[in-house]
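In what follows, a single structure is set out as structure tokens and then discussed.
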Amino acid sequence: MLTALARAFRTPDLRRKLLFTLGIIVIFRLGSFIPTPGVDYTAVQECLTQAETNSSLLGLVNLFSGGALLQLAVFALGIMPYITASIIVQLLTVVIPRFEELKKEGQTGTAKLTQYTRYLTIALAILQSTTYVSIARDPARLFGAQCTAQVVPDQSVPILALMVLTMTAGTGLVMWMGELITERGVGNGMSLLIFTSIASTFPSSIWAIGQENGYAIMAAVIFIGLFVVAAVVAVEQSQRRVPVQYAKRMIGRRMYGGTSTYIPLKVNMAGVIPIIFASSLLYLPALVAQFNDPRAEWVLWIDRYLVRGDHPLYMAIYFLLIIFFAYFYVAITFNPDEVAENMRKYGGFIPGVRAGRPTAEYLDYILTRITLPGALYLGLVSLIPLIALVLFNANQNFPFGGTSILIVVGVGLETVKQIESQLQQRNYEGFLR
Amino acid sequence: MDVLRISLQVLLALTSLFLTLLILMHKGKGGGLSDMFGGGMSSSLSGSSMAERNLNRFTVAVALSWAVSVILLGVVQRFA
């Protein structure tokens, strides 16, 4: 393992890529601590220490930005706008025919869709930073009632506009840095940036649990965390291999095909996307409620049932949404008809199943059945932090919670695999045996 | 001190706008959400053209001046 790492750094090409990626990550983390101009840094720190546990509403968003959000940093929004924009564009491919056409078009169409996503990201960044700055004018709404210090001292319009502008530019910069990693570094930039922001909150939250609840519980939490990681890796890697046989063909004087391969159908094909979808959807009512009269009947209802994660109703809705989105996303990304059609075109068939429509039906059947345990698993894993909230009485930023652990493990696996494949161009042995 | 602060703020506003525009001018390389968390092959074998490289250089320069003005504003505010 360590020798493989040393070998990775000895390969000049790979070393450049790794160092580039690390450099961007460092810049990203630095930017999460530089306060936006117009914010009183000392006041923010004061409020942060007072109101550590009271931020359940912005909890998930804060998690995705690595704590930068509540620091009111220049990268406060992090990559959240990009994620939201991607989700929206992804969903629109089902609704708008033109988007669907673009998606089917292949490379050029995807590039167009990416461009739309980027524009949408900036638009969302403006929207979110405006709401966020307007909330930050009254620090009690952001940090809880104990916070009395004035976070934004000068509340004139030009200063607020400047803050919005700076945060928007920061979000754009984060987006570009992610793309740079994808282009010149290792792994997928966007997911690596989420990975860093989530992983960066791990040590401090474990430490906080140790200080609040004693070190025996901290050890137990770490142990449970390792166990969950192992379980998550096992399920992430598991797949069903549908055998495919290719017929031999003569084209001119060459012989093609004749190989037997398999289609890997992963148990959890949708990855963490259902969890992200579900939690951003559940976050909406809380967001709406925040802008209304806090004493109104329905706002109180939302506050009681949909904001705090420890209510059974919240858990049930969350669970069902995740299962729904797991099926939904698999249906979007994997099209059995298309796969069957492609296989027939190149002379491939599944032994015992006729080519064409029966193959598509067969694949669909397997996929529907295999996704059920995958979806249930996703739902259960995502409930871990909510249950821990009740059991340990820890705060919602419980480190080894569902969303964070799935993202960290998923991204980690993917990145290591990519380094591995780069390494194997020169050496035979890699990280994974 | 006021002159310095206001000029920095103007500089920040300008660079922010410019930076956002420059970044939007780039061609998106990330493949969106689908290859974000596993799956999807990222095969970006294409080298960057001369125009792209100039754009990169320009963006880095603007980003640097943006960062410098943010930091300087923070410093000015701290000692104001």
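Atom set for the values below is all heavy atoms of this structure, side chains included, hydrogens, waters and symmetry mates excluded. Proteins come first, then strands; the chains are lettered A, B, ... in the order of their sequence lines, and each starts at number 1.
- Contacts of A:F195 with chain B are absent, with no heavy-atom separation under 4.5 Å from either backbone or side chain.
- For the options B:L24, B:L21, B:T20, B:L73, heavy-atom pairs under 4.5 Å to chain A are most numerous at B:L24.
- If you measure heavy-atom distances from A:V39 to chain B, the contacts under 4.5 Å come from the backbone alone.
- Using a 30° and 60° split on the angle between ring planes, A:W176 and B:H26 fall in the tilted class, from 30° to 60°.
- If you run side chain to side chain contact (heavy atoms under 4.5 Å, CB included) between B:I23 and each of A:T121, A:V174, A:L173, only A:L173 comes through.
- If you tally non-hydrogen atom pairs under 4.5 Å between each of A:G38, A:G31, A:G189 and chain B, the highest count goes to A:G38.
- Across B:A13 and A:L165, no two heavy atoms sit closer than the pair O-CD2, 3.6 Å.
- More than 12 non-hydrogen atoms from other residues, nucleotides or ligands lie less than 6.0 angstrom from CZ of A:F20.
- Residues A:I159 and B:Q9 meet the side-chain proximity criterion, which asks for heavy atoms closer than 4.5 Å.
- Each of B:L17, B:T15, B:V70 has some count of heavy-atom pairs under 4.5 Å with chain A, and the biggest count is that of B:V70.
- Heavy-atom minimum distance, B:L12 versus A:P37: CD2-CG, 3.5 Å.
- Nearest heavy-atom pair across A:A169 and B:W66 is CB-NE1, 3.8 Å.
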